[in-house]
Each structure stands twice: as C-alpha cells, then as structure tokens.
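Here's the structure, in structure tokens; my notes come after.
The analysis underlying the following values was restricted to heavy atoms, covering all of them including side chains, and did not include hydrogens, waters or symmetry mates. Keep in mind that what you see is a predicted model, and the values were worked out from it rather than measured.
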Amino acid sequence: MNSRTHNCGELTKKNIDKNVRLFGWINSTRTHGKIIFIDIRDRFGKTQIILNTDSLIEKGKTLSNEDVISVSGTVIARSADLVNKNITTGEIEVVAEQIKILNVSAPLPMSIHDREASTEEHRLKYRYLELRNSELQNNLILRNKTTQVVRNFLNEQDFIEIETPVLTKSTPEGARDYLVPSRVHNGKFYALPQSPQMYKQLFMISGLDRYFQIVKCFRDEDLRSDRQPEFTQIDLEMSFVDEEHVRDMVEQLIATVFDEVNNVKMQTPFPTLSYEEAMKRFGTDKPDLRYSIEIQDFKKFSDQSDFQAFKNSESVQMINVHNSEFFSRKIISELDSYAQSLGAKGLAWMKYNDSIFESGISKFFNKNLQSNIASDCNIKNGSICFMIADSSEISLKVLGKIRVKVADMLSLYDDSVFKPVWIVDFPLFNWDEDNQRFDSVHHPFVAPKDQDIKTAISEPEKAISKGYDIVINGYEIAGGSIRIHDQKLQQKIFETMNLTKKDIQSKFGFFIDALKFGTPPHGGIAFGLDRLVMLLAGVNNIRDVIAFPKTTSASALMEDSPNTVSDEQLDDLGIGIKKNEKKV
C-alpha cells in the first residue's frame, strides 16, 4: 500500500495542481447530477473529493459513511462562492483519479457526529466509535498538549520525572483502597496507590530535591461527573520550600498552561482566601468567583423580626440575587425542595421591589427593619433574598449550593473566564463522630502551622494546617501542603488520630524510620489532570476528557468490567467469594 502524501486537514491553495494521496473515513457523500462529492476525514480534518468519471461514480454509489478508503487525485481551487471558511481545506477540493476501498464499515450502532442522539451508557459501550467524534478527539489532543506544556515547564525548573510503584501497601488515606491479592504471598494484598504521597516524600529524603510525575491514582469512592475511580495526577514535590515557594511555582505553571494551551492570560499572584472566610462568604471551600453573589450573616436582622423560627435558630444566612422576576412560585418551590434535599428545614425568601420587601416572610419584618436590611445588605429594587436558618454548618453549606444553583439558572458566568483562588489555613483535623476520633482534613503528613505545633497535640480541633488548595471556577484543581519532616511530630500526629503504636509501625513503619535520617523541609502539590483539562476544554463532564472512562457506578461498559473470574484463578490466590447479604 502506497503511503499518504498529506493528511485530510492540511491541503490549501498552495497545493493546487499537485497530485496527492489521502487516506481516511468517509464522513459524508452527496450526489449532484452526474457528480458525487465525498468528504474524507481523519483526525486532522476533512477534505472534499470530487468523483466525475463514470467508473468512479459507479464505485462512489457503493460507498457508505465510515468506510475506510484511499483517494489519489489532483488538487483544484473551489470557486469563490463555494469556499468553506469553517475548515482549513475549505478553499480546495481534490478531483479523484483513483479510489481504493480499504475496509467496509458495518452499519453504525450510534451516531458519531450527534452525541446527544444516544444515551451516555450506549455511547460508552461503543466508546471506540464515539472517539471518532471531532469534539472528543480535540479534547484528547488538548490533553496531550497540556501534559507536554507541564513537562516542558517542570523540566526547565529542574524537576526530575520519576515513576513510583503501582503495587503498594494499603494505608489509611481517606478513601477506600483498591486491593490486589498476591498469588505468591498467599492471604496478603497489595493496594493500588491513592496518591504517591509517601514515595514522593521519600524522594525528598533521598536528596532528589525536585520531583514530578504524571501518574495514575485509584480511589474506591462515590463517583460524580468530575470524579473517576482511576484518575491522573500531575504530582510534584520540592525540598527546602515554604508555602509561598510552592504556591508561586504552581501559579507560574498554571499561568503557562492556560497561556500556551488556551491563549488565556492569567494575572498573578492569584487571590487568597482562608478556609474560614471561604465558608462564610461562599458556603464552600471550592468557591466559583465568576459571579459576585456572597452569603451574608442575617442573624442580627432576623433576631429583630417577629419570625420566631429564625429567632430560635443558631444561624441565619442570606444571599441577595438580582432579577426577582425570574423566580416564579414554581421555581422558588423547586429551590425549596432542593434545599430540603440537602438537609435544610426549608428555604425562606423575600422579594424587594419599590423599596419594600414583599411576599414570603416579609410581614414579620417592620418597615424600619426592612429599610436597615436593604441599606446594610446593599439590596436593590428587583432583587430577591434567599435565607436558610439552621446550624451554622448546614445554613452555610446549603446556601452555598443554592448560590451555585441560582447562578446556573440565571447564567451568571462565562465559561471562557477563569477565576483562580487559593484556599489556605485549613483545619488540621476534623472530628469523626461515628468513630470518635480525629481525622486529617487532607492527609496525616500535612504539617501544622509553626505556631500550632503544640496545639496540634494538646487541642487538635484548634490547629491550622499548612495545606493549600487551588480552585478555579468552583473546581478544586490541585491540593497540597508543606509536609511534616520531624519524626517525633509525625509520630504524635498519628497518635492524635487514635492510631496505636502497633498500627503506626504496621502501616507506616518504613516511613517513620526514614524520617529520622536527616529529612529536609519539603512540600508539594498534586493536580487533578482530568479536571484541569475539563476546564481547558470548556466541558463539565470529566468523562469527556478521558479516553476510556468509567460510569458513575465505576463500570466499564465497553469491555464489561468489573467481571467474574474463574474458580481456578481464585484458587491460585486463596480467595473465596462471600455473597453480600442485605441487612435487615
């Protein structure tokens, strides 16, 4: 088979009168009188082919979409009125002299070009066909470009790319591990890594100074549109750094990626919010800053009202939203149901028109109080106020989600705009009520603030960590911290988490031992590559930027996994299957 001279996306007027040979898939065929037009497609683009001889027209009548063909012919210019400005080859076409059918396609079980014509489950079953869609191909091309930019940047900053093991040891890092039974060591298990956390810290102990890796990680956790059981991290670690050093490096990396991949200029330094401030203003530690709606403390006003339900609540929080006319009784009812589904008792509201509050609970607020509310909370005519009264945690969390919901309804943001923000000063621990113990907010290797080292042991609930997350448009893109480099402090942190000395030695003994051999101060961060590419591609489903993703139930429909294995395989591993019994 002769090789192609060009791909289907590169011919221009410079190639006119040249003889060319193209290979690709038939994208479409059109018959006009005694001429057949074929669009031939590969991942680089499309080229229009003309069949205008009897023999070629007869062959053309046998062709179907997605047949694989080769075409030899001469490049000619399109007439001015037929130029297609939407494609790079739109000024030319190829008059065919020879067509070879390389493979005939069976009728397709789904539409390639109209993804919405099939359910996502059906499309994932035939993912290899869906990947012919130009949008998905462009997403994967963009993903490749992103990783190349990242590698080039980090190489220029003296980072070394080093691989870490995939078969490792099960350790408690938050989510459940995926376990791999060992045939050689009967009854023992490897775990797939949730992250290369301890390995990258060991690199710093080894004196390698700056490490990075683009690496697969695995977490057995509940899934959603921006989460997968196996995902890809851009993982990096640095020695002799503090929080500012790491954040500055990350900002340079992000700015370079957005500039070189999307031609978007990002202003540095990025703004910074403490965890506490983010929760108070936005009800989340992943705030979307593209719209200006902020949560306001409404308790001082509600306490002056006659609304007893508010006066009896620990916390009353409010958001002020413009365009009150949009919020019909039906929409408000839907928002109320949504709030209740998130754990709130209900969603209260008042509309503000002609300088007075009306509807909802406005009758419980006298005129002077209404005037003070409007003035102090900067409420303008044509606005609506939504309020949640509950515990501080619930009122902030639920109103934060209502804020996002309202922004979606009103289309208050532009997907071409990117608003990064650092979230810092996280609590070091949170209290696990079910197990009556302290758990790490991030992971147990995060260092406490210098002034909180003693507090981390004596009053764990008050300690603040040296952790930091970077959030863009409401998505956590990366998270990291300065690590504990003192063996004694690391031991005490484990003990604070109610791990016994036996547990510590069993799970982390090798790491604790390593810390005593001159460990440098160090820190790093891990990016979710899939989420980063999702933002760059302007899509809201992480599965659109992964070649072969899993469903929200962690299934791979194309290859039908997970699946059963033979009794012989189980016997080799010394494993039996125990059926789950429903709890009564």
Side-chain angles (χ1 to χ4, degrees), residues 43 109-147 175 214 216-234 254 257-258 261-262 264 284 286-288 290-291 338 341 401 403-420 469-479 526-559 561:
R43 79 168 174 89
M110 55 169 283
S111 170
I112 287 172
H113 306 296
D114 182 7
R115 297 178 67 209
E116 298 304 315
S118 302
T119 64
E120 184 177 48
E121 289 76 12
H122 189 70
R123 287 185 277 116
L124 288 176
K125 183 177 180 180
Y126 296 99
R127 183 66 167 185
Y128 50 88
L129 293 178
E130 189 184 22
L131 286 176
R132 293 183 187 177
N133 178 273
S134 59
E135 177 187 341
L136 290 183
Q137 290 192 350
N138 288 336
N139 289 349
L140 294 180
I141 292 167
L142 183 143
R143 184 186 178 108
N144 170 71
K145 187 175 182 180
T146 301
T147 58
I214 298 177
K216 280 286 188 185
C217 299
F218 309 85
R219 291 179 188 170
D220 186 4
E221 57 187 350
D222 295 334
L223 306 179
R224 57 187 186 222
S225 63
D226 66 335
R227 184 181 285 172
Q228 284 276 296
E230 54 178 313
F231 56 95
T232 306
Q233 281 187 357
I234 305 168
I254 291 174
V257 166
F258 275 83
V261 175
N262 269 21
V264 170
T284 177
K286 303 171 184 62
D288 189 338
R290 289 175 296 173
Y291 43 95
Y338 178 61
S341 74
K401 292 184 179 294
R403 173 184 181 266
V404 174
K405 190 84 166 177
V406 165
D408 287 340
M409 288 177 167
L410 296 175
S411 300
L412 296 181
Y413 53 84
D414 181 349
D415 282 332
S416 67
V417 173
F418 300 95
K419 293 283 190 177
D469 288 351
I470 186 70
V471 175
I472 303 178
N473 295 2
Y475 291 99
E476 180 193 327
I477 299 303
F527 286 80
L529 174 64
D530 310 299
R531 286 185 192 172
L532 178 61
V533 175
M534 183 178 75
L535 275 181
L536 290 165
V539 298
N540 57 15
N541 190 328
I542 206 168
R543 291 186 285 280
D544 286 349
V545 298
I546 298 172
F548 296 103
K550 305 290 190 291
T551 67
T552 52
S553 60
S555 298
L557 301 180
M558 183 184 70
E559 63 269 37
S561 72

Specify the closest pair of heavy atoms between [X] and [Y], including all atoms of both residues, with the distance to one decimal.
X	Y	answer
Pro549	Leu124	CG-CD2, 3.8 Å
Ser118	Ser111	OG-N, 4.3 Å
Gly479	Asp469	CA-OD1, 3.3 Å
Val471	Pro287	CG1-O, 3.6 Å

Working to the nearest 0.5 Å, report the span between [atom1] of [X] and [atom2] of [Y].
X	Y	atom1	atom2	result
Ile546	Thr232	CD1	OG1	7.0 Å
Asn473	Met534	CG	CE	10.0 Å
His113	Ser134	NE2	OG	8.0 Å
Gln228	Thr552	CD	OG1	9.0 Å
Leu532	Tyr475	CG	OH	13.0 Å
Lys401	Thr284	NZ	OG1	6.5 Å

Item to check | Set of side-chain hydrogen bond (donor to acceptor under 3.5 Å, both in side chains) partners for Asn262, sequence neighbours left out | outcome: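 side-chain hydrogen bond (donor to acceptor under 3.5 Å, both in side chains) check on Asn262 returns nothing, list empty.
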Can you sort out the partners of Asn138 under side-chain hydrogen bond (donor to acceptor under 3.5 Å, both in side chains), two or more places apart, ordered by chain and number?
->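 For Asn138, no residue satisfies side-chain hydrogen bond (donor to acceptor under 3.5 Å, both in side chains) once neighbours in sequence are set aside.
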Side chains of [X] and [Y]: does their closest heavy-atom pair fall under 4.5 Å?
X	Y	value
Asp544	Leu136	yes
Ile472	Lys419	no
Pro229	Asp220	no
Ile141	Asn144	no
Ile470	Ile254	yes
Val533	Leu142	yes
Lys125	Met558	no

Which residues satisfy the side chain to side chain contact (heavy atoms under 4.5 Å, CB included) test with [X], sequence neighbours excluded?
X	result
Glu121	Thr119, Leu557
Gln233	Ser195, Pro196, Val215, Cys217, Arg219, Phe231, Asp235, Ala526
Ala547	Leu140
Ser561	Ala556, Glu559

Problem set entry | Partner residues of Tyr126 under the ring pair (Phe, Tyr, Trp, His ring centres under 6.0 Å) criterion, sequence neighbours left out |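 Partners of Tyr126 by the ring pair (Phe, Tyr, Trp, His ring centres under 6.0 Å) criterion, ordered by chain and then number, come out as His122.
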Holding to ring pair (Phe, Tyr, Trp, His ring centres under 6.0 Å), I want the full list of residues that pass it with Phe418, two or more places apart in sequence or in another chain.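 Residues passing ring pair (Phe, Tyr, Trp, His ring centres under 6.0 Å) with Phe418: Phe258.
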*Can you list the steps and then say if Leu535 with Ile477 is a side-chain contact (heavy atoms from CB on, under 4.5 Å)?*
CA-CA 9 Å; Leu535 275 181; Ile477 299 303; 3.4 Å; yes
Salt bridge (charged side-chain N to carboxylate O under 4.0 Å, His left out) contacts in which one or both residues fall within residues 129-146, not counting sequence neighbours: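 Checked against salt bridge (charged side-chain N to carboxylate O under 4.0 Å, His left out) - neighbours excluded - the pairs reaching residues 129-146 are Glu66-Arg132, Arg115-Glu130, Arg115-Glu135, Arg123-Glu130, Arg127-Glu130, Arg143-Asp530.
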Sequence neighbours excluded, every pair satisfying salt bridge (charged side-chain N to carboxylate O under 4.0 Å, His left out) that has a member inside residues 405-418
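Pairs touching residues 405-418 that pass the test: Arg290-Asp415.
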field: Stepwise side-chain contact (heavy atoms from CB on, under 4.5 Å) test for Val257 and Thr146
entry: CA-CA 6 Å; Val257 166; Thr146 301; 4.0 Å; yes
### Task
Name all residues meeting the salt bridge (Lys or Arg N to Asp or Glu O under 4.0 Å) criterion together with Glu120; count only those two or more places apart in sequence or in a different chain, and write none if there are none.
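Glu120 satisfies salt bridge (Lys or Arg N to Asp or Glu O under 4.0 Å) with Arg543 once adjacent residues are dropped.
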